[in-house]
2 protein chains.
Amino acid sequence: MAKTDVLTLAILGILRDQPLHGYQIRKRLGAELGPFRALSYGSLYPCLRRMVEAGLIEASGDEANGPSHASSRRARIAYSLTDAGRSRLSEELASAGASSWDDDAFDVRFSLFAHTDAATRLRILEGRRSRLSERLEEVSEGLKRMHERHDAYTAELQRHGLEQVEREVEWLDRLIENERSARGGENNGSASADH
Amino acid sequence: MAKTDVLTLAILGILRDQPLHGYQIRKRLGAELGPFRALSYGSLYPCLRRMVEAGLIEASGDEANGPSHASSRRARIAYSLTDAGRSRLSEELASAGASSWDDDAFDVRFSLFAHTDAATRLRILEGRRSRLSERLEEVSEGLKRMHERHDAYTAELQRHGLEQVEREVEWLDRLIENERSARGGENNGSASADH
DNA sequence: GTTCAGTTATATCGCTCCGATACATCGGGC
DNA sequence: GCCCGATGTATCGGAGCGATATAACTGAAC
């Protein structure tokens with residue numbers, strides 16, 4: 001079975017197209033998932049080590065860069081996917097379980113949608129949507145029940161939180177609509193190499 | 001100096017008005033900060049222990065509930081603020097540094113606004129606002145620079161993140177406006193009896 | 001009236017993550 | 001020549017989380 005945590009998945013995804021070393025992985029991930037979700041070295045390097053141990057990636061002493069000049073390049077360790085890593089990635093990309101629409105995992109899964117087939121994309125979006133509407137009900141339930149007992153600021157915080165989730169749902173509805181209308185037109189294939 | 005972490009502050013705040021035991025603390029916190037921000041026991045109990053060690057709270061073997069019926073209530077440990085804890089709380093409530101408008105801290109600080117004086121409220125809101133607009137610029141900068149090199153889904157994720165932050169800023173602007181217009185009318189006092 | 005599920009309640013273990021920090025090297029500007 | 005900011009690898013301590021164990025009470029089904 002081997003469960004794949006979010007960080008591992010994100011790294012598998014980012015190494016899909018080229019080998020990179022730690023520093024680059026961090027920058028790319030930061031750029032793709034937004035400047036929030038910082039990802040510190042304190043998580044990155046241990047995770048890379050775990051992945052090497054698990055045989056998902058391979059470390060190599062950086063030959064990659066051009067003809068270049070003679071001698072002592074600084075220590076750089078480029079990581080690339082092994083076959084096991086590549087098949088783990090596609091296995092993971094084909095799945096659409098609860099772990100795909102959790103708060104922290106959804107962004108990563110979404111950022112890999114270009115390599116996910118249309119049916120799975122739709123299932124993930126719908127799963128995320130239903131997860132959020134559960135939450136919606138919880139919160140608005142709570143809001144009604146707290147008439148007294150809470151001051152204006154706390155209530156405002158709740159109201160604002162509710163609104164945020166509502167907008168998130170609207171966003172998902174738009175995306176789902178798009179996916180649905182794209183279906184039927186084209187072949188529904190896996191989108192793959194656009195850049 | 002003694003830095004107070006977010007969780008500690010939240011607990012100080014929730015114990016301000018009555019002693020509670022662990023389970024209740026968790027429920028209240030969950031209700032006040034929204035059902036997100038779960039707070040697991042694995043964080044709560046260690047934190048309570050730290051706070052007892054630091055002399056901020058006191059454990060007592062639960063006499064609190066009514067006349068009640070005779071004998072063996074199950075083990076329940078009620079925690080209440082010590083004088084040190086109470087003064088730490090008001091000290092913390094009077095401050096408005098960067099730690100008040102960090103992502104994770106802001107919600108907690110905001111939920112305690114009813115016990116924060118008007119000037120500090122305003123400073124915190126403004127601090128949070130400027131933190132978010134920094135981020136705004138970063139992200140939109142990044143969005144412009146990534147024309148190529150990113151697929152449609154990744155771009156959409158960025159766009160959506162940007163929009164969220166924009167709305168957060170609008171929300172803050174509304175709150176700041178309210179605070180400003182309330183000033184001048186009333187006495188600007190601290191909304192409550194600080195000891 | 002007994003069983004069974006759910007809530008109240010405290011507590012710990014292992015693991016991961018983060019922030020801070022320590023190194024070293026590179027490319028440029030002054 | 002010299003410092004500064006980016007590039008790059010790495011670790012440490014502390015804090016949080018998810019899962020889990022334990023146990024007593026509550027109430028409804030049967």
Side-chain angles (χ1 to χ4, degrees), chain A residues 2-11 19-31 33 35-54 57 59-62 64-65 68-79 98-99 102-105 108, chain B residues 2-11 19-31 33 35-54 57 59-62 64-65 68-79 98-99 102-105 108:
Chain A
K3 49 202 164 160
T4 311
D5 63 291
V6 196
L7 185 46
T8 298
L9 177 58
I11 294 175
L20 294 169
H21 45 256
Y23 191 83
Q24 290 174 316
I25 292 176
R26 185 177 188 254
K27 279 195 75 182
R28 295 271 185 115
L29 240 38
L33 303 177
F36 3 79
R37 309 253 175 292
L39 175 61
S40 74
Y41 293 121
S43 339
L44 177 60
Y45 286 109
C47 182
L48 287 172
R49 211 180 305 129
R50 283 195 304 274
M51 290 173 74
V52 170
E53 271 161 32
I57 58 177
S60 70
D62 185 52
N65 56 355
S68 109
H69 44 299
S71 58
S72 65
R73 219 51 177 106
R74 173 163 66 276
R76 297 163 119 233
I77 304 162
Y79 295 93
S99 55
D102 278 347
D103 283 327
D104 51 341
V108 173
Chain B
K3 47 198 166 163
T4 311
D5 63 291
V6 197
L7 185 46
T8 298
L9 176 58
I11 294 176
L20 295 169
H21 45 256
Y23 191 83
Q24 291 174 316
I25 292 175
R26 185 177 188 254
K27 279 195 75 182
R28 295 271 185 116
L29 240 39
L33 303 177
F36 3 80
R37 309 253 176 290
L39 174 62
S40 74
Y41 293 121
S43 340
L44 177 60
Y45 286 109
C47 182
L48 287 172
R49 210 181 305 128
R50 283 197 303 274
M51 291 173 73
V52 170
E53 271 160 34
I57 58 177
S60 69
D62 185 51
N65 55 356
S68 107
H69 43 298
S71 58
S72 66
R73 226 34 186 120
R74 172 162 68 277
R76 296 162 121 234
I77 303 162
Y79 294 93
S99 56
D102 278 345
D103 284 326
D104 51 342
V108 173

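By convention in this document, chain letters (A, B, ...) are assigned in the order of the sequence lines, proteins followed by strands, and residues within each chain are numbered from 1.
In this structure, CD1 of B/Ile77 is placed 15 Å from C1' of D/dA24, rounded to the nearest angstrom. Rounded to whole angstrom, the span from the OH atom of B/Tyr23 across to the P atom of D/dC25 amounts to 16 Å. If you measure from atom CD of A/Gln24 to atom C1' of C/dC26, you get 15 Å, rounded to the nearest angstrom. The separation between A/Leu20 atom CG and D/dT7 atom C1' is 14 Å, rounded to whole Å. Rounded to whole Å, the distance from CG on B/Asp103 to P on C/dC18 is 13 Å. Summarising the geometry, the separation between CG on A/Leu48 and P on C/dT16 is reported as 14 Å, rounded to the nearest angstrom. Rounded to a whole Å, the CZ atom of A/Arg28 is 12 Å from the P atom of D/dT7.
Judged as a side-chain hydrogen bond (donor to acceptor under 3.5 Å, both in side chains), and not counting sequence neighbours, A/Asp104 has no contacts. Legend: residues meeting side-chain contact (heavy atoms from CB on, under 4.5 Å) with B/Ser40, ordered by chain and number and at least two apart, are B/Ser43. Every residue meeting the side-chain contact (heavy atoms from CB on, under 4.5 Å) condition with B/Ala54, not counting sequence neighbours, appears here in chain and number order: B/Leu56. Residues satisfying the ring pair (Phe, Tyr, Trp, His ring centres under 6.0 Å) criterion with B/Tyr45, sequence neighbours excluded, are B/Tyr41. For A/Asp5, the side-chain hydrogen bond (donor to acceptor under 3.5 Å, both in side chains) partners are A/Thr8, not counting sequence neighbours.
For the OP1/OP2 pair of D/dA6 and a distance below 4.0 Å, the side-chain nitrogens and oxygens of A/Lys27 include no atom meeting the criterion.
Remark: side-chain polar atoms of B/Arg26 are not paired, donor with acceptor, to backbone N or O of B/Leu44 under 3.5 angstrom.
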Discussion item. Walk along nucleotides 11-22 of chain D from 5' to 3' and tag each nucleotide B, S or - by protein heavy-atom contact under 4.0 Å, base first, then sugar-phosphate.
Written reply: B----SBB----

